[in-house]
Amino acid sequence: MTSAKVQTERYNPQAVETNWQKVWNDKDLFKTDNADPREKYYVLEMFPYPSGRIHVGHVRNYAMGDVVARFKRAKGFNVLHPMGWDAFGMPAENAAMKNKVHPKDWTYENIASMRGQLKSMGLSLDWTREFATCDVAYYHQQQKLFLDFLKAGIAYRKKSKVNWDPEDQTVLANEQVIDGKGWRSGVEVEQRELTQWFFKITDYAEELLKGLEGLNRWPDKVRLMQKNWIGKSEGMSVRFAFDGEDRDPLEIFTTRQDTLFGASFMALSPDHPLSKELAEGNTDLAEFVAECRRHGTSVVAVETAEKRGFDTGLRVKHPLEDRTLPVYVANFVLMDYGTGAIFGCPAHDQRDLDFANKYGLPVTPVVLPSDGDAHNFKILEEAYTGPGTIFNSDFLNGLSIEDAKKTVADKLEKAQLAGAQQGTRQVNYRLRDWGISRQRYWGCPIPIIHCDACGPQPVPEDQLPVELPGDIDFEKPGNPLDRHASWKHVECPACGKDAVRETDTMDTFVDSSWYFARFTAPDAPTPTQPDDANGWLPVNQYIGGVEHAILHLLYSRFFARAMSQCEHMEISEPFEGLFTQGMVVHEAYHDGQERIWYAPAELRFEGEGSDRKAFLVDSGQEVSIGKIEKMSKSKRNTVDPDDIIRSYGADTARWFVLSDSPPERDVIWTDAGVEGAHRFVQRVWRLAQEVAALGEGTSAADHALTAIAHKALNSIETDIDGLRFNRAVAQIYELANGISSSLAKKSDGDTGAIRDAFGMMLQALAPMMPHLAEECWAHLGHSDLLASRPWPTIDESLLSEDTVTLPVQINGKRRAEISVAADAAKSDVEAAVLAMPAVQKALDGGAPKKIIVVPGRIVNVVV
RNA sequence: GCGGGCGUGGUGAAAUUGGUAGACACGCAAGAUUUAGGUUCUUGUGGCGCAAGCUGUGGGGGUUCAAGUCCCUCCGCCCGCACCA
């Protein structure tokens with residue numbers, strides 16, 4: 001140890017962080033100017049629901065976004081990095097019912113405290129663009145959008161089956177129904193027919209599907225999930241004429257028209273109009289239909305349900321041969337897919353086979369596997385769904401499945417031309433229209449007035465916004481808007497007679513389907529102002545949790561198209577790049593039966609590894625250390641970011657969530673990890689003081705440390721661009737190690753190189769630990785702000801070495817190394833390698849069988 | 001059931017996409033500094049072995065001069081969808 005010890009003081013994050021936050025804020029450093037001519041870059045994290053407190057998942061999400069924002073700013077982009085609040089929704093109403101606080105007050109108070117928490121993280125956000133979706137100005141625009149959609153035929157009303165919670169007296173979304181029971185009330189959910197507002201997302205099914213192909217900066221996983229959700233299947237609709245009945249033909253949808261000769265029955269959904277009609281005159285059938293309805297929704301019921309049916313006695317004619325098929329009502333046929341009716345081909349569909357076996361219907365195989373024997377191929381308990389050749393099928397015999405599908409489709413379509421109405425090619429999607437009506441108070445009112453004489457009328461534009469009333473009571477269950485004494489009673493805008501407002505509000509997913517567009521124009525009178533939106537959209541980098549892979553992201557993609565159709569903007573995709581980050585998880589502690597859960601702060605720990613034990617601090621009682629799982633209030637395994645920021649500072653928290661774990665993977669929160677992160681903060685500060693104490697020195701451009709710094713910055717740049725923050729962090733550690741060892745053995749003349757390398761390290765650090773970097777930068781005597789400094793220019797000439805060390809393998813095992821010029825010819829390398837003693841020894845006087853030289857990589861000698 | 005992903009030291013993980021497996025960090029061990037603890041610094045740290053060396057990326061097999069990476073197969077874990085005709 002040759003260097004004189006520099007007396008260092010400890011870094012005090014609390015004072016330093018608030019100071020720099022104030023400096024940045026006073027200079028409006030992160031306020032975005034739409035007129036700025038530089039290239040635009042829009043980075044957005046999924047905006048939070050104002051639950052009251054931020055959690056470490058938010059910290060991770062916003063830290064990642066902030067790294068990108070600060071880095072892109074340093075790279076010279078005009079960056080938009082805004083923040084807002086997804087503020088409508090049930091929790092506010094639940095709080096109102098429980099604590100007698102108005103949802104509005106509850107929400108805005110939560111926003112105020114969460115805003116304070118986010119500000120303490122030192123995020124480079126443009127706070128002037130902040131809004132909450134419950135702001136009247138925001139939902140005003142949303143109501144206008146709704147009316148535009150209505151005019152364009154994108155919004156419509158229809159009767160539909162919904163999940164109705166009789167306790168809470170509201171409609172529940174499918175994901176709010178758990179095992180057939182309401183997620184909040186725990187009461188058995190009923191199926192009700194209600195008239196609801198829908199968005200015609202199905203009109204965009206094909207576009208939404210095609211658009212996925214172009215989203216190459218989205219995770220494959222999310223694209224695949226959306227593809228499956230849209231669920232395109234190509235087949236045909238086939239019409240079966242009734243035998244001896246004067247009825248319209250029975251229309252079914254199939255993707256397997258090639259197996260038509262194997263058909264042995266028809267099956268209707270219990271909800272099919274024909275089932276309902278027949279049930280009216282048949283009490284047994286009516287009973288069967290009612291029973292089917294009682295089952296249905298819950299996952300368990302579906303899994304275990306036996307295939308059951310009811311023979312209606314009706315018969316239809318087979319479209320391709322001279323025979324008839326019985327028509328059943330069956331519990332496994334869904335009304336809301338296809339036409340609600342199917343033809344059953346037991347040999348090649350497991351459900352149909354189970355059904356046929358139960359009711360003694362014929363099972364005729366028509367697809368023969370390549371190793372099958374046409375005379376002995378039998379289907380007993382397991383349907384054959386694999387590839388093969390068509391047989392037992394008249395004119396289709398010998399064709400492949402694909403050719404048979406085509407032949408049948410052609411034939412039935414031709415028959416249709418001839419007036420026989422037999423079939424048409426058809427594409428079906430699993431995707432359904434989006435029902436947006438919710439019987440709730442705390443949401444965006446649907447701007448419609450119902451008049452007995454004129455029907456539903458849009459609220460005229462000059463009467464917008466339809467504001468939520470402030471005086472509201474939550475004493476009784478049901479929709480408070482509907483109960484309100486005066487709010488809903490209005491005049492019909494068309495005829496002036498007494499009429500009532502629509503009292504349903506919109507699904508909160510509507511609010512989050514276009515908020516990214518609202519950020520682009522801070523004071524826009526229209527939703528987006530096309531000029532601004534078009535310059536900023538699509539969002540260049542969107543970051544959020546994978547739990548929104550389907551609904552939110554699909555709805556937003558739909559909105560981008562629908563809003564473009566209504567001329568609010570001109571884009572099809574809202575998010576050019578998407579990154580789904582992993583969760584922050586933590587051990588959970590319980591009483592052994594997972595009934596009582598304990599917070600980490602209540603416990604002390606003893607031992608290591610498998611001997612590790614946890615005890616209650618108060619009583620000393622031992623508790624069980626449970627699984628590492630998602631932080632949740634109910635399991636009490638949450639960590640409050642405020643505590644971390646108060647004791648270690650925001651930079652430590654940011655550094656911890658960016659380190660170690662790849663950002664798409666879950667990260668385990670541990671105290672040791674946080675302390676490790678904090679030690680690095682202190683170490684950087686010590687380095688800053690030691691470097692500052694060096695004083696000015698001459699810069700030696702050819703110093704080894706200079707090359708290390710340029711290489712590090714170069715790969716950090718690539719890593720941040722690819723959102724591989726954990727690798728960028730590792731690079732910074734290596735650079736810090738390089739600087740430390742140069743300091744330890746410094747000689748006169750190095751000081752300039754050390755100062756320069758440390759400065760570069762601070763610039764690399766700035767996107768991740770902005771306060772610390774800024775403080776160190778100022779400590780080195782700089783008068784400008786690091787936060788507004790451009791990213792350093794990388795000297796390309798320092799990135800490559802003149803000589804490289806190549807591993808030398810003999811028969812694929814590493815036996816030696818050799819130093820050669822980086823641009824050495826293959827033959828020279830070969831000669832040098834062959835002259836090596838280790839190689840000579842291995843060759844034992846002979847010649848090598850083969851020698852492989854991969855320039856800059858490796859040499860392998862095969863003997 | 002269908003679809004997708006993953007499996008690397010005591011731990012979190014790297015590996016330029018077929019080219020030195022374990023970068024970086026945590027932990028651990030030994031030593032130094034400190035009044036003590038923490039901090040800090042140095043050295044070591046996949047396993048076996050005194051060593052030369054051998055071995056090693058869930059198991060087995062294959063392709064290749066060369067496999068964590070590609071192919072086949074089995075095992076285990078995770079996620080999504082789920083009677084979608």
Side-chain angles (χ1 to χ4, degrees), chain A residues 1 5 8 10 219-229 231-233 235 252-257 259 267 269 296 299 301-303 305-307 330-334 336-345 348-352 354-355 385 428-432 546-547 549-550 608-610 656 659-662 664-668 670 672-680 682-683 686 715 718 724 726-737 740 744 805-817 848-863:
Chain A
M1 180 65 99
K5 260 249 154 35
T8 59
R10 275 182 80 78
D220 289 341
K221 181 184 169 180
V222 174
R223 290 197 285 178
L224 187 68
M225 279 163 74
Q226 292 216 350
K227 184 180 175 221
N228 293 340
W229 189 263
K232 180 179 183 173
S233 44
I252 60 100
F253 175 74
T254 182
T255 56
R256 292 302 302 269
Q257 63 269 22
T259 65
S269 163
V299 181
V302 167
E303 255 174 17
E306 192 186 6
K307 302 284 173 285
N331 65 347
F332 66 94
V333 182
L334 305 173
D336 48 8
Y337 185 79
T339 63
I342 59 156
F343 84 81
C345 175
H348 305 293
D349 182 293
Q350 191 59 45
R351 294 154 303 177
D352 296 349
D354 294 345
F355 189 83
T385 54
N428 242 304
Y429 299 91
R430 206 190 79 110
L431 185 69
R432 316 276 157 72
V546 73
E547 66 272 19
I550 297 177
E608 297 287 335
S610 56
F656 172 75
S659 306
D660 290 342
S661 278
E664 68 278 6
R665 221 174 286 178
D666 289 351
V667 61
I668 303 167
T670 61
V674 178
E675 275 157 29
H678 188 64
R679 270 204 295 279
F680 185 64
Q682 295 294 352
R683 184 176 165 209
R686 267 197 318 277
S715 30
T718 315
R724 291 180 291 265
N726 56 321
R727 295 212 305 203
V729 164
Q731 290 289 339
I732 291 175
Y733 273 115
E734 278 190 80
L735 179 52
N737 290 345
S740 288
T805 304
L806 298 182
V808 176
Q809 294 184 333
I810 293 165
N811 288 335
K813 287 192 191 293
R814 184 179 162 284
R815 282 294 128 95
E817 318 189 307
K849 277 196 194 127
K850 206 171 180 182
I851 177 162
I852 293 117
V853 179
V854 185
R857 283 268 168 272
I858 202 163
V859 181
N860 191 7
V861 183
V862 186
V863 296

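Below, read A as the first sequence line, B as the second, and so on, with proteins coming before strands; counting in each chain starts at 1.
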Could you please name the partner base of [N], counting Watson-Crick and G-U wobble pairs only when both distances are under 3.5 Å?
{"N": "G1(B)", "result": "C81(B)"}
{"N": "U16(B)", "result": "none"}
{"N": "C54(B)", "result": "G47(B)"}
{"N": "U64(B)", "result": "none"}
{"N": "A25(B)", "result": "U11(B)"}
{"N": "A36(B)", "result": "none"}
{"N": "U42(B)", "result": "A30(B)"}
{"N": "C6(B)", "result": "G76(B)"}

Looking at [N], I'd like to know if its phosphate oxygens (OP1 or OP2) sit under 4.0 Å from a side-chain N or O belonging to [X].
{"X": "Asn737(A)", "N": "A23(B)", "result": "no"}
{"X": "Lys850(A)", "N": "C65(B)", "result": "yes"}
{"X": "Arg679(A)", "N": "G27(B)", "result": "yes"}
{"X": "Thr670(A)", "N": "G12(B)", "result": "no"}
{"X": "Asn811(A)", "N": "A66(B)", "result": "no"}
{"X": "Tyr733(A)", "N": "A25(B)", "result": "no"}
{"X": "Arg665(A)", "N": "A13(B)", "result": "yes"}

Rounded [atom1] spacing from [N] to [M] in Å:
{"N": "A14(B)", "M": "G22(B)", "atom1": "P", "value": "15 Å"}
{"N": "U55(B)", "M": "G5(B)", "atom1": "P", "value": "34 Å"}
{"N": "C24(B)", "M": "U43(B)", "atom1": "P", "value": "12 Å"}
{"N": "G62(B)", "M": "A67(B)", "atom1": "C1'", "value": "11 Å"}
{"N": "C78(B)", "M": "A66(B)", "atom1": "C1'", "value": "33 Å"}
{"N": "G4(B)", "M": "A82(B)", "atom1": "C1'", "value": "14 Å"}
{"N": "C83(B)", "M": "U11(B)", "atom1": "C1'", "value": "45 Å"}
{"N": "U42(B)", "M": "G46(B)", "atom1": "C1'", "value": "23 Å"}

Look at the side chain of [X] and decide which nucleotide, out of [options], has an atom nearest to it.
{"X": "Tyr337(A)", "options": "C26(B), A85(B), G80(B)", "value": "A85(B)"}
{"X": "Ile852(A)", "options": "U20(B), C83(B), C65(B)", "value": "C65(B)"}
{"X": "Leu334(A)", "options": "G3(B), A85(B), C26(B)", "value": "A85(B)"}
{"X": "Ser661(A)", "options": "C65(B), A13(B), A23(B)", "value": "A13(B)"}
{"X": "Lys307(A)", "options": "A25(B), C83(B), C41(B)", "value": "C83(B)"}
{"X": "Met225(A)", "options": "C83(B), G80(B), C24(B)", "value": "G80(B)"}
{"X": "Arg686(A)", "options": "U40(B), U20(B), G4(B)", "value": "U40(B)"}
{"X": "Arg430(A)", "options": "A82(B), U20(B), C83(B)", "value": "A82(B)"}
{"X": "Ser233(A)", "options": "U20(B), A85(B), C41(B)", "value": "A85(B)"}
{"X": "Pro662(A)", "options": "A85(B), C81(B), A14(B)", "value": "A14(B)"}

I need the [atom1]-[atom2] distance between [X] and [N], as an integer number of Å.
{"X": "Gln731(A)", "N": "A25(B)", "atom1": "CD", "atom2": "P", "result": "12 Å"}
{"X": "Ile810(A)", "N": "C54(B)", "atom1": "CD1", "atom2": "C1'", "result": "16 Å"}
{"X": "Gln809(A)", "N": "G18(B)", "atom1": "CD", "atom2": "C1'", "result": "12 Å"}
{"X": "Glu817(A)", "N": "G19(B)", "atom1": "CD", "atom2": "P", "result": "18 Å"}
{"X": "Asp220(A)", "N": "C79(B)", "atom1": "CG", "atom2": "P", "result": "20 Å"}

Test your reading of the model: is there a side-chain donor-acceptor pair from [X] to the backbone of [Y], 3.5 Å cut-off?
{"X": "Gln226(A)", "Y": "Ala549(A)", "result": "yes"}
{"X": "Arg430(A)", "Y": "Trp229(A)", "result": "yes"}
{"X": "Ser269(A)", "Y": "Ala341(A)", "result": "no"}
{"X": "Asn860(A)", "Y": "Arg814(A)", "result": "no"}
{"X": "Asp349(A)", "Y": "Asp352(A)", "result": "yes"}

Inset, instruction - Ignoring hydrogens and angles, state whether a donor on the side chain of Arg724(A) or Thr718(A) is under 3.5 Å from an acceptor on the partner side chain. - result: no
Legend entry - From OG (Ser740(A)) to CZ (Arg686(A)), nearest 0.5 Å: 8.5 Å
When all nucleic acid strands are considered with a 4.0 Å heavy-atom cut-off, which category describes [X]: base, sugar-phosphate, or nothing?
{"X": "Arg815(A)", "answer": "sugar-phosphate"}
{"X": "Lys813(A)", "answer": "sugar-phosphate"}
{"X": "Ser659(A)", "answer": "nothing"}
{"X": "Asp352(A)", "answer": "nothing"}
{"X": "Val862(A)", "answer": "sugar-phosphate"}
{"X": "Ser715(A)", "answer": "nothing"}
{"X": "Asn860(A)", "answer": "base"}

Inset, instruction - Would you kindly compare Val667(A) and Arg814(A) by the position of their nearest RNA chain B nucleotide and give the one closer to the 5′ end? - result: Val667(A)
Legend entry - First of Phe680(A) and Gly676(A) reached from the 5' end of RNA chain B, by closest nucleotide: Gly676(A)
Inset, instruction - Answer yes or no: side-chain N or O of Arg10(A) and base N or O of U39(B) forming a donor-acceptor pair under 3.5 Å. - result: no
Inset, instruction - Check if the side chain of Lys221(A) and the base of C79(B) share a donor-acceptor pair of N or O atoms closer than 3.5 Å. - result: no
Inset, instruction - Could you check whether the rings of Tyr337(A) and Phe253(A) sit parallel, tilted or perpendicular, using 30° and 60° as the cut-offs? - result: perpendicular
Legend entry - Test: Lys307(A) cationic atom under 6.0 Å from Phe355(A) six-membered ring centre, within 45° of axis: no
Inset, instruction - Applying side chain to side chain contact (heavy atoms under 4.5 Å, CB included), run through Val808(A) and Arg815(A) and close with a yes or a no. - result: CA-CA 6 Å; Val808(A) 176; Arg815(A) 282 294 128 95; 5.8 Å; no
Legend entry - Where the chi angle of G9(B) falls, syn if within 90° of 0 and anti if not: syn
Legend entry - U20(B): syn or anti, per glycosidic angle within 90° of 0: anti
